[in-house]
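Take a look at the structure set out below.
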Amino acid sequence: MRLYPGDVELLATLARMPFLDRLELAALSGRSRAAVYQRVDRFLDAGLVESVGQASELVTPTRRFCVSARGVRRLAAEESVPVAQLLRTRPVSEQWRRLLLERLDAAAVIYRLAEQAAQFAFPLGLRWLRAAPMDALLEWPGELRAAVVRQGRTADRTGFAKRVRRLKETHGHGAVLIICPDETRLRHARRLVAGPPATAFLALERDVALAGAETAVWRGPTGASQLALREALAYALPASGARPERPLVRVSMPEPLNPECFRASWMLPAALTTAEKRALDLVGDWPWLRPGHLAALLGVGRRRLTQLLARLEAPSLIVRHTCAGAPRLALSDRGLAYLARRDRTSVGIARKRWSPEPRWPGQVFDWRNVSGIRSRQLLRNLEHTESVHWFNTLLARQAREQGTSVVQLDPPHRASRYFRSHERMRSIQPDAHALLETPSGERAFFLEWERRAVRPATMAARLAPYLRYYATSRPLEDHGLIPKVLVVFEDELAADHFLRIAADAVARAEVPLPLLVSDRLRLQEHNPLGRAWRSIEHRAPRGLD
């Protein structure tokens, strides 16, 4: 195949930014969509590029392209450079390919961001980084540079705070674009990045993926106004003092992406469908979930659930154990590694906390024989864990029936909030946190499912952290609205007793605590969004509003 100068430039763009789709390639190369479609088809026929499919909840199914081994040799010949030099200076080696494939869902969102920026900052380059605190750098004329940081869904507070600290110590970028998975973590990240050395702008991942370049979704570290991407990048200053990242020690020619490769761990983001990825995320959030509860959260029937689980159990991404007479689902070590690599978090820490693998193979499987520390704790308190899963199931079903959207449903390790009270660090540790989009507006709540708080002293101790939290301004700062505190008991008698204890505690503390109380039987009858709740002020059952 004869390559014209425009073809070489298009191939070089793919070498600098592997796994672009055709529309992103057209935007970043400055070529028309028709020309890009035609040339990519010719590259495929000539074996110069290869493709993989990719889809996620935020990115519609598409084909993504990368330079093949033959394409690397041809590009090196056209640019008159040794192949070894091209492998070291561009992310086209087999090692780089595997790194980007593991991050493919995250890369897709960042490519959407680059496509939007290219509409007003052309020519725009994107440089992937391997070990730096930022994921990539956007570069455009005038020595302007913006660092892109994506906070993964499974990233914890401490790990991301360390990453932001490293980011502030890294010079060479004039602005920082931070992509966050939800509103709560965006507000937390906003506090972390306030101040020099670079101006930071933050946006929700779903807004970056779905909104246009002119949509105001970016927020500064201070102030309530939101900016379009063009306005945010207008604050970028010329950057200097950047240190190039050290190249990989070992590089090799990319291997063909044949069907056998799809069984490899690094190919999972390309091999899994959107529904399978969503199922993995839910099982990762709620370990030891019953299959029926997973079906309710996904909104699928039994037959579809059986298909999904078969697809996920075949590559050993999910394990199934029978505990307390029922099957339970958890992510395997391979499934945990898939999520950790996607979100640039530690695989070792994920397995240490959440691994369901037996500590002593061959012995009876129970909570003592679980490797992961937090996974073991959830299995030890299985009745409580299943009660929280049951509540989530009721909420998901009723929300679908009423046209309410469950925007956010956080497990305990993401629902916790840390704050200062009287110069001491305090926290609340709820069993779940949810954000709902209802026809009348947004609603948020913390869930506390109580099985042991039956004595007055224990009930008061459960309530004390929330009184401290709501005595500060943090509820509004953390969420943008005041979340309610839902407390559920196994029986109505305990709920009545707790309401009396709570009324005295709230009166003494003089804290406006938005507390609602219910019990299992009332929830079974009315569901979480129905008239299942009583408050200190109104003992008659009512809804969440």
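Note that the numbering runs from 1 along the sequence shown for the chain.
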Kindly say whether L23 contributes a backbone atom to a donor-acceptor pair with the side chain of R33 at under 3.5 angstrom? no

Between the OG1 atom in T385 and the CG atom in L378, the distance rounded to the nearest 0.5 Å is 4.5 Å

Below 4.5 Å, heavy atoms only, C-beta onward: do V193 and V176 meet side chain to side chain? no

Applying ring-ring contact (aromatic ring centres under 6.0 Å, His included) to Y235 and not counting sequence neighbours gives F201

Quick one: sort the H389 and W286 rings into parallel, tilted or perpendicular, breaks at 30° and 60°. perpendicular

Using atom types as modelled and distance alone, determine if a side-chain donor or acceptor of R130 lies under 3.5 Å from a backbone N or O of R246. yes

Between atom CD1 of I179 and atom CD1 of I110, what is the distance when rounded to the nearest 0.5 Å? 5.5 Å

Short question: side chain of S375, backbone of P356 - any donor-acceptor pair under 3.5 Å? no

Can you check salt bridge (charged side-chain N to carboxylate O under 4.0 Å, His left out) on E57 and K277, steps first, answer last? CA-CA 8 Å; E57 288 191 82; K277 291 174 181 178; over 6 Å; no

For E169, is there an ion pair with R165 - N to carboxylate O distance below 4.0 angstrom? no

Test I373 against Q377 for side-chain contact (heavy atoms from CB on, under 4.5 Å), laying out the working first. CA-CA 6 Å; I373 297 172; Q377 182 181 13; 6.0 Å; no

Donor-acceptor pair, R31 side chain versus G6 backbone, under 3.5 Å? yes

Does the pair D135/R163 count as a salt bridge with the N-to-O cut at 4.0 Å? yes

Are L3 and F43 packed together at the side-chain level, in the sense that at least one heavy-atom pair is separated by less than 4.5 angstrom? yes

Surrounding CD of E143 (heavy atoms of other residues, nucleotides or ligands, distance under 6.0 Å), is the total greater than 12? no

Do the side chains of M253 and R73 get nearer than 4.5 Å, heavy atoms only? yes

Nearest heavy-atom contact between E139 and R145 is OE2-NE, 3.3 Å

For L233 versus L177, what's the shortest heavy-atom pair and its separation? CD2-CD1, 3.9 Å

Got a sec: does the NZ of K352 have more than 12 other heavy atoms crowding it under 6.0 Å? no

How many angstroms lie between atom CD of E245 and atom CE of M134, to the nearest 0.5 angstrom? 9.0 Å

Beyond-backbone contact of V347 with L336, side-chain heavy atoms, under 4.5 angstrom: no

Side chain to side chain donor-acceptor pair (under 3.5 Å): pairs with one or both residues in residues 62-72, sequence neighbours excluded: D21-T62, E24-R64, S51-R63, Q54-R64

Is the shortest side-chain N to carboxylate O distance from R342 to D281 below 4.0 Å? yes

Flag, side chain of R97 to backbone of V67, donor-acceptor distance under 3.5 Å: yes

Looking just at side-chain N and O atoms, do Q95 and S252 make a donor-acceptor pair shorter than 3.5 Å? yes

So, Y111 versus W128, ring centres under 6.0 angstrom or not? yes

Expected output: side-chain R88 to main-chain L248 donor-acceptor under 3.5 Å: yes

Atom pair CZ/CD1 of R311 and I318 - distance to nearest 0.5 Å: 12.5 Å

Locate the shortest heavy-atom distance separating Q151 from C180; write the atom from each residue and the value. OE1-SG, 3.9 Å

Is R153 salt-bridged to D410, going by a charged N under 4.0 Å from an acidic O? no

Short N-O contact, R185 and D182, less than 4.0 angstrom: yes

Y338 vs P269 side-chain heavy atoms within contact, under 4.5 Å: yes

Treating N369 as the side-chain partner and W360 as the backbone partner, does any N or O pair qualify as donor plus acceptor under 3.5 Å? yes

C323 versus F365: any side-chain heavy-atom pair under 4.5 Å? yes

Please report the shortest heavy-atom distance between L309 and P291, naming the atom on each side. CD1-CB, 4.3 Å

L48 CG to R39 CZ distance, which is reported to the nearest 0.5 Å: 12.0 Å

If you measure from the Lys or Arg side-chain nitrogens to the Asp or Glu carboxylate oxygens, is any gap between R98 and E102 under 4.0 Å? no

Which atom pair, heavy atoms only, marks the closest approach of L297 to N392? CD2-O, 3.8 Å

Looking only at the side chains, is there a donor atom on one of R328 and T322 sitting less than 3.5 Å from an acceptor on the other? no

Pair D156, R414 - check salt bridge (charged side-chain N to carboxylate O under 4.0 Å, His left out), show working. CA-CA 7 Å; D156 59 23; R414 291 209 302 268; over 6 Å; no

Okay, side chain of T199, backbone of A175: is any donor-acceptor separation there less than 3.5 Å? no

D207 and Q226: side-chain contact (heavy atoms from CB on, under 4.5 Å), yes or no, with the steps? CA-CA 12 Å; D207 290 337; Q226 298 189 9; over 6 Å; no

Side chain of Q116, backbone of V208: donor and acceptor closer than 3.5 Å? yes

Stepwise side-chain contact (heavy atoms from CB on, under 4.5 Å) test for R334 and S265: CA-CA 8 Å; R334 192 184 189 206; S265 295; 3.1 Å; yes

Can you name the nearest heavy-atom pair linking A275 to L308, along with the distance? CB-CD2, 3.8 Å

Mind checking whether W288 and H321 have parallel, tilted or perpendicular rings, split at 30° and 60°? tilted

Hey, is CD on E313 packed in by over 12 heavy atoms from elsewhere, all under 6.0 Å? yes

Side-chain heavy atoms of P133 within contact of T170, under 4.5 Å: yes

D343: what forms a side chain to side chain donor-acceptor pair (under 3.5 Å) with it, not counting sequence neighbours? R150, T154

Would H413 and W354 count as a side-chain contact (heavy atoms from CB on, under 4.5 Å) if you check the C-alpha gap in whole Å, the side-chain angles of each, and the deciding distance to 0.1 Å? CA-CA 11 Å; H413 54 280; W354 303 109; 3.5 Å; yes

Report yes if the side chains of M17 and L100 come closer than 4.5 Å at any heavy-atom pair, otherwise no. no

For the atom pair CG (L289) and CG (L294), what is the distance rounded to the nearest 0.5 Å? 5.5 Å

Whether the side chain of E79 engages the backbone of A76 through a donor-acceptor N/O pair (distance < 3.5 Å, no angle test) should be reported. no

Residue pair S56, D105: steps toward the side-chain hydrogen bond (donor to acceptor under 3.5 Å, both in side chains) verdict: CA-CA 7 Å; S56 68; D105 290 339; 4.7 Å; no

